[in-house]
Amino acid sequence: MNVSSNVTEKQLDSKAVHPLAPYKTLEAEALQSRIEAVRSSFGDSLLILGHHYQQDEVIEHTDLRGDSYKLSEMAAASQACETIVFCGVHFMAETADILANRAEKLAQRAGRRVTVTLPDMAAGCSMADMAAIKQVEAAWDDMSEVIDTERIIPVTYINSAASLKAFCGRHGGIVCTSSNARAVLEWAFERGDRVFFFPDQHLGRNTALAMGVDESQMPVWDPYALELGGNTEAALEKSRVILWKGHCSVHQMFRPEHVEGFRNKYPGIKILVHPECPREVNDLADVSGSTAKIIETVKQSPAGTQWAIGTELHLVNRLKAEFPEQAIHFLSPVVCMCATMYRIDLPHLCWTLENLRDGAVVNEIRVEEETAKWSLVALERMLAVK
Ligand code: 13P
Ligand code: SF4
């Protein structure tokens, strides 16, 4: 792919007519055929990755789809491709850039980089935005006044900026996803006395509870509190897992009363949730797991099984369509969808691909070298944990 220019959507926004405007007026059919035309012209040199929360019309045009863990493995393994178009959110594209362009891979490709793009730069993650590197560094300094930070292992959920992953790399820490959080915490406890877990308090708490850690040993660190994240010295001294006060705005919408409502209405129904849900919901569920585990659990179940599923709406609707012989319900009465994932739509995908065809890279994601180097340390530790 011959790349002659590099522009972001923000830069383009300053022009009188946004270049995306013509794409917004096209019918879905036209967009679909134009997307497919570019895909076939690129062949194997183009890899379109999609997270399970993407809308169906986007998923149809992806080469591979997966949960955060599987997608990072795919990016790490990428061999033939020259460009990855990431239909997911910003932290996923950052992770793909770090893994696809690590030194070992560059050497195999005689120095050629894989270009990673995100069709809409506004596709962020509200949870990732709840922990800024300056806040995490300040918290680390503050807690060092009370506890020995040499004995704390920082663990960042993959849903975080690359700078936080780099922080973990520098401080003997690691990255986790929702599918390996327990194995990662076990890894951490083999190396330190405590874990500092960010940015999702729920995944951290639910995982540690399942491992037998008592909630009284899991203080929550509020980055906006005046002192010690809102904790006493005694609470930090007895802590095993210090949880960052962050959450997913989608999964926090599921409530225990929704579980009770479904159990009353459909006796025998099974509750299946993502561990980003709050403890009160996670504790009531029959099964809790990453998006890949949710899909696998439904796939393995016999016809007639009744489910109420607590995760992003597009995935639940896809499961309903793919497994009509099971009775699948969405766990909440209100719409819980990831508004930022939803920003990736056919017009953005088509615009991105046609620019690539014309030699222009739009919305390139490229992590600064030093940050990428240290993030990779934490990501490779994660990929080595089985
Ligand atoms: P998984 O892909 O790990 O299941 O996580 C869901 C999620 O919130 C992605 O942002
Ligand atoms: Fe972030 Fe939640 Fe959306 Fe996942 S579902 S990308 S955690 S806001």
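Note that the coordinates shown come from a computational prediction; the quantities given were computed from them, not determined experimentally. In each ligand, atom 1 is the first atom listed, and ligand 1 is the first ligand listed.
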**Study point:** Listed protein N/O/S atoms, distance to atom 3 (Fe) of ligand 2 under 2.8 Å
**Key:**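 Only Cys338 SG fall inside 2.8 Å of atom 3 (Fe) of ligand 2.
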Would you check whether [X] has a nitrogen or oxygen atom less than 3.5 angstrom from a nitrogen or oxygen atom of ligand 1?
{"X": "Ser290", "answer": "no"}
{"X": "Asp67", "answer": "no"}
{"X": "Tyr53", "answer": "no"}

**Study point:** Aromatic plane relationship, Phe167 with Trp140 - under 30° parallel, 30 to 60° tilted, over 60° perpendicular
**Key:**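 Aromatic pair Trp140/Phe167 classed perpendicular.
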Is the [X]-[Y] ring centre distance short of 6.0 angstrom?
{"X": "Phe330", "Y": "Phe254", "result": "yes"}
{"X": "His329", "Y": "Tyr266", "result": "yes"}
{"X": "Tyr23", "Y": "His348", "result": "no"}

Location of contacts on [X] toward ligand 1, heavy atoms closer than 4.0 Å:
{"X": "Asn159", "value": "side chain"}
{"X": "His51", "value": "side chain"}
{"X": "Tyr69", "value": "neither"}

Review point. Given Cys248, Cys176, Ser178, which has its nearest heavy atom closest to atom 3 (O) of ligand 1?
Key: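 Checking each option, the heavy atom nearest atom 3 (O) of ligand 1 is found in Ser178.
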